[in-house]
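The structure presented is a predicted model; accordingly, all values stated were derived computationally and were not measured. In what follows, chains carry the letters A, B, and so on, assigned in the order in which the sequence lines appear, proteins first and then strands, with residues in each chain numbered from 1.
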Amino acid sequence: MTDEASRDGDARARPDCDDSPHILSEQARGAEDGTSGDDAFHAFWADVVADEIEARDPDDPIVIKGGVSPSGVAHVGNVNEVMRGYFVAEVLRDRGHEVRQLFTSDDRDPLRKLPRKLANADGEIVGLGDVDAGALGRNLGKPYTAIPDPFGERESYAAHFAALLEADAERLGVPVEMVSNTELYADGTFEDAVRTVLSDLEGVRETLGKYQDKVDDEYVPFNPVCAECGKVTETVTAVDLEAGTVEYACTDLEVGDDVIEGCGHEGTATFREGKLPWRLEWPAQWDVLDVDFEPFGKDHAEGSWPSGVDLARTVFGIEPPVPMVYEWFTLGGEALSSSAGNVVTVPELLEILEPEVVRYFFALHPKKARDLDLERIDQLVDRFDRFEEAYFGEVDDEELTRFAERAYPFVVGGSPGIDRPADADPADRVRFPYTFAAVLGMVEDRELREQLARDEGHVDDDTPEWAVREALARVERARTWAERTDNEYNYRLQTALPDVAFDGDVAAALDDLAEFVAAGHDGEAIQAEMYETARDHGIEVADFFEAGYRLFFDQPQGPRLGEFLGELEREFVVARLRREA
RNA sequence: GGGCCGGUAGCUCAGUUAGGGAGAGCGUCCGGCUUUUAACCGGACGGUCGGGGGUUCGAAUCCCUCCCGGCCCGCCA
């Protein structure tokens, strides 16, 4: 039996094992101890993580979890929690495992301060003035699930926020099971975990005290919800394990420089009527939900992760899940901040990017600090297109191809942006370069957009209908991008005559060009004629082109004008050149 | 102050598993597309791989050290 015990000994029998959550960083990890050093090289990080998970020999279904505490705005930063886990889940499914992807909403957490911004049900960011702010202000200190939805739609603020996250996940094609912490407490799922903690107060204090100075001989890691005022309290005066209750006093709650006043009520709460502090709640989730893998942001890496590992083993008697720290990304070079207004929501992002491009962004290596720059989102799309080309063997880049061959199927598989007939050959897909799509966005007519794309060779007679449809969908997004960023592609064919005036030579040249167009010539000829006409009238070619751009776009610059005009309705072009309409 | 993670071309990034040619795309510049005008094509320019030291025949890659940035080491999550 001693052999058995030593072989299957728990983690404490292996104090040398590596608990670093940076499993994608250490190049030499596991080299000597035989735990995981001999794994094959993987071009896709999710395979590395999957190896780590499989090495634990977990029972199916494998459970992958993410989670957040509700805040003001659900934004792309939260997508890390969803997408990172998703790719690992998909890799494991690809390897034949059954996988559940959970997402916990830490919704028994108290609202500690008013958010400055909120996201409505459509993901639009609004200020406090646009909602029932009082519904929030009156409820500081209460669990999110006990606070009314400031938009008056859901049963609580927590439900509103959870619905946003779930909707975002759906928009990206990620099926997640939402889990409410409040429900886990209320339905008794957490009851044994709470009992375990309160049964071994000395042990918990000893372990947690190694990480938190505030833990003293009086510290009770359970926060009952006050029966009188509904706020989360911090003062437990007695524990009754037999009855399964605690005695508490509703004292003031310090939040930074502010104080949320307690009502002074003294009462009794069951183990279902409160919450564990985060440091214990996290490992308790691992326990009751059988979590095998959890990605988390770098803010957890050196704080709650080490203590969570310790508490999982010493208090709950479980092994913590496989961890994975992901780097945060910046937005336009600045940290994401809803209060500072530097955020973008998933619905907003999907107005300028295909879902698979967003998914691609999160398929890139998690340890790299990246910048998501909306001003130059075309760079990201270009990278995606190249990544896709690599998958189809169209790029001479060994490294990229190796990554694409593995990761691409997970990036596009299940993406809501991909909607093709069953017999479609994916290699037939068409991607207009993003900036070209922005150029096409200058015209509103779908037929004209398609014609211009044909002229440019992006579409031909062999291009299947579904590929054209997909390709043209990008035009709308690029158009939105041009408008949102108000960049150099933000101009549009003017349906009404712009307010412009030209001197005599230019006006005469425009009239001549109108005659030429009226006589019936194709775009190429019109382009050539523009040079001729300018020369004939002794005006600079550049000035003539600018006149044309002002007439048609109300801008000093534009696309290759002659060929562009060749695609437009002849009568319209002639009338416009004559400044008649 | 201590710990962790990052730092490769103007920009966005591969490459570090397993030491051997410093790369891609975009931008810029030049040229081509019958004659400067943003879509297409070709070419060029562009980097002390954050700095320094070490190991090695050979280092972006391994070791040490320093610099810069982010995060954590109070509370909360």
Side-chain angles (χ1 to χ4, degrees), chain A residues 20-22 24-29 31 37-43 48 67-71 106 109-110 112-113 211-214 232 234 253-257 277-279 281-282 296-306 325-328 330 333 335 364-373 375-383 385-387 389-390 395-400 402-403 432-440 442 452-453 455-458 488-489 491 524 527-532 534-535 540-546 548-549 556-564:
Chain A
S20 165
H22 302 282
L24 293 173
S25 292
E26 286 289 319
Q27 289 141 17
R29 65 176 275 97
D38 297 327
D39 295 320
F41 172 75
H42 293 301
V48 179
V68 294
S69 182
S71 66
D106 299 336
D109 296 354
R112 303 173 68 82
K113 60 178 183 183
Y211 305 92
Q212 292 191 300
D213 293 340
K214 74 165 183 176
V232 176
E234 291 191 332
L253 181 67
E254 287 187 25
V255 181
D257 296 333
W278 165 248
R279 294 265 180 157
E281 192 170 69
W282 201 20
F296 46 88
K298 64 178 181 178
D299 53 332
H300 288 314
E302 302 306 319
S304 38
W305 170 254
V325 176
Y326 56 81
E327 260 291 340
W328 291 350
T330 52
L364 297 173
H365 203 286
K367 292 301 295 183
K368 287 279 195 175
R370 293 174 195 285
D371 185 43
L372 184 65
D373 190 346
E375 300 284 330
R376 281 166 305 183
I377 206 68
D378 53 303
Q379 290 192 348
L380 176 64
V381 180
D382 286 347
R383 284 191 68 204
D385 289 351
R386 195 173 150 79
F387 165 74
E389 287 161 14
V395 176
D396 181 22
D397 185 325
E398 198 177 321
E399 293 294 338
L400 178 61
R402 206 156 41 149
F403 172 60
F432 300 151
Y434 197 77
T435 51
F436 175 61
V439 169
L440 294 187
M442 299 180 310
L452 288 166
D455 292 346
E456 199 53 40
H458 291 292
E488 65 268 38
Y489 296 95
Y491 49 88
E524 205 172 324
Q527 177 77 5
E529 181 66 14
M530 289 193 71
Y531 292 95
E532 287 298 330
R535 200 172 299 154
E540 292 292 325
V541 171
D543 292 341
F544 192 46
F545 271 95
E546 181 176 332
Y549 291 128
Q557 295 178 323
R560 194 175 280 256
L561 193 54
E563 287 153 22
F564 187 87

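Looking at the side chain of A:E399, the nearest of the listed nucleotides B:A14, B:A39, B:G6 is B:A14. Comparing atom distances between the A:L452 side chain and each of B:C76, B:C71, B:A39 picks out B:A39 as nearest. Checking B:C73, B:A14, B:A24 against the side-chain heavy atoms of A:R279 singles out B:C73 as nearest. Side-chain proximity of A:H22 to B:A77, B:U12, B:C5: nearest is B:C5. Among the nucleotides B:A77, B:A24, B:C11, the one closest to any side-chain atom of A:P277 is B:A77. Of all nucleotides listed (B:A38, B:C76, B:U35), B:A38 comes nearest to the side chain of A:Y549. Side-chain proximity of A:D382 to the nucleotides B:A38, B:G25, B:C72 is greatest for B:G25. The side chain of A:Q379 lies closest to B:C26 when the candidates are B:C26, B:C75, B:G70. In the set B:C5, B:A39, B:G74, B:G74 carries the atom at the smallest distance from any side-chain atom of A:D213. Here B:G25 is the nucleotide among B:A38, B:G25, B:C76 with the atom lying nearest to any side-chain atom of A:R386.
Taking atom CH2 of residue A:W328 and atom P of nucleotide B:G69, one finds them 17 Å apart after rounding to whole Å. The separation between A:H42 atom NE2 and B:U16 atom P is 14 Å, rounded to whole Å. At whole-Å resolution of the value, CZ in A:R383 and C1' in B:U12 are 6 Å apart. Per the geometry, CH2 belonging to A:W305 stands 17 Å off C1' belonging to B:C71, to the nearest Å. Here B:A14 presents its P atom at 12 Å from CG of A:L380, a figure rounded to the nearest Å. Whole-Å rounding puts the A:R402 CZ to B:A14 P distance at 14 Å.
If you check B:G21 for Watson-Crick or wobble pairing at under 3.5 angstrom, you find it has no partner at all. Taking a pair to require two hydrogen-bonding distances under 3.5 Å in either a Watson-Crick or a G-U wobble arrangement, B:G2 pairs with B:C72. In this structure, B:C40 forms a base pair with B:G32, meeting either the Watson-Crick or the G-U wobble geometry with both donor-acceptor distances under 3.5 Å. Of the nucleotides present, none pairs with B:G27 by Watson-Crick or G-U wobble criteria with both distances under 3.5 Å. Base pairing annotation: B:A9 forms no Watson-Crick or G-U wobble pair, as no partner gives both donor-acceptor distances under 3.5 Å.
At B:C5, none of the side-chain N or O atoms of A:K368 fall inside 4.0 Å of OP1 or OP2 (strictly under the cut-off). Of the side-chain N and O atoms in A:Y211, none sit less than 4.0 angstrom from OP1 or OP2 of B:G74. One finds a side-chain N or O of A:Q212 lying less than 4.0 angstrom from the OP1 or OP2 phosphate oxygen of B:C75.
Among the protein residues, A:P433 comes within range of the sugar-phosphate backbone only, with heavy atoms under 4.0 Å from sugar or phosphate atoms but none that close to a base. Residue A:D396 is classed as having no contact, given no heavy-atom separation below 4.0 Å to the nucleic acid. Residue contacts for A:D106: at a heavy-atom cut-off of 4.0 Å it reaches the sugar-phosphate backbone alone, with no base atom in range. Residue-level contact check: A:W282 touches neither bases nor backbone, having no heavy atom under 4.0 Å from any strand. Across all strands, A:A453 comes closer than 4.0 Å to no nucleic acid atom at all (heavy-atom distances).
Counting only heavy atoms from C-beta outward, the side chains of A:R370 and A:H365 approach each other to under 4.5 Å.
Residues A:H300 and A:F436 both approach RNA chain B. Their nearest nucleotides, taken by heavy-atom distance, put A:F436 toward the 5′ side. With the nearest nucleotide of RNA chain B identified for both A:E546 and A:D378, A:D378 has the one nearer the 5' end.
Here the shortest heavy-atom pairing between A:R112 and A:E254 reads NH2-O, 3.7 Å. For the pair A:H458 and A:F436, the tightest heavy-atom approach, listed with the atom from each and the gap, is CD2-CE2, 3.2 Å.
In this structure, A:R386 does not pair ionically with A:E389, as no charged nitrogen and carboxylate oxygen lie closer than 4.0 Å.
Interface remark: the A:R535 side chain does form a donor-acceptor pair with the B:U35 base, using a distance-only criterion of under 3.5 Å.
Annotation: salt bridge (Lys or Arg N to Asp or Glu O under 4.0 Å) contacts of A:R383 (sequence neighbours excluded): none.
Taking atom P on both B:G42 and B:C26, the two are 10 Å apart, rounded to the nearest angstrom. Nucleotides B:G7 and B:U61 are separated by 12 Å at their P atoms, to the nearest Å. B:G51 and B:C67: their C1' atoms are spaced 7 Å apart (whole Å). Comparing B:U35 with B:G50, their C1' atoms are spaced 50 Å from each other, to the whole Å. Nucleotides B:G6 and B:G43 place their P atoms 36 Å apart, quoted to the nearest Å. The P atoms of B:G69 and B:C63 are separated by 24 Å, rounded to the nearest whole Å. Remark: the separation of the P atoms in B:C62 and B:G15 is 13 Å, to the nearest Å. Separation of the C1' atoms belonging to B:G21 and B:G47 is 16 Å when rounded to the nearest angstrom.
Between the CZ atom of A:F403 and the CG atom of A:D397 there is a distance of 12.0 Å, given to the nearest 0.5 Å. The OG1 atom of A:T435 lies 11.0 Å from the CD atom of A:Q379; values are rounded to the nearest 0.5 Å.
A ring-centre distance under 6.0 Å is not found for A:H22 and A:W305.
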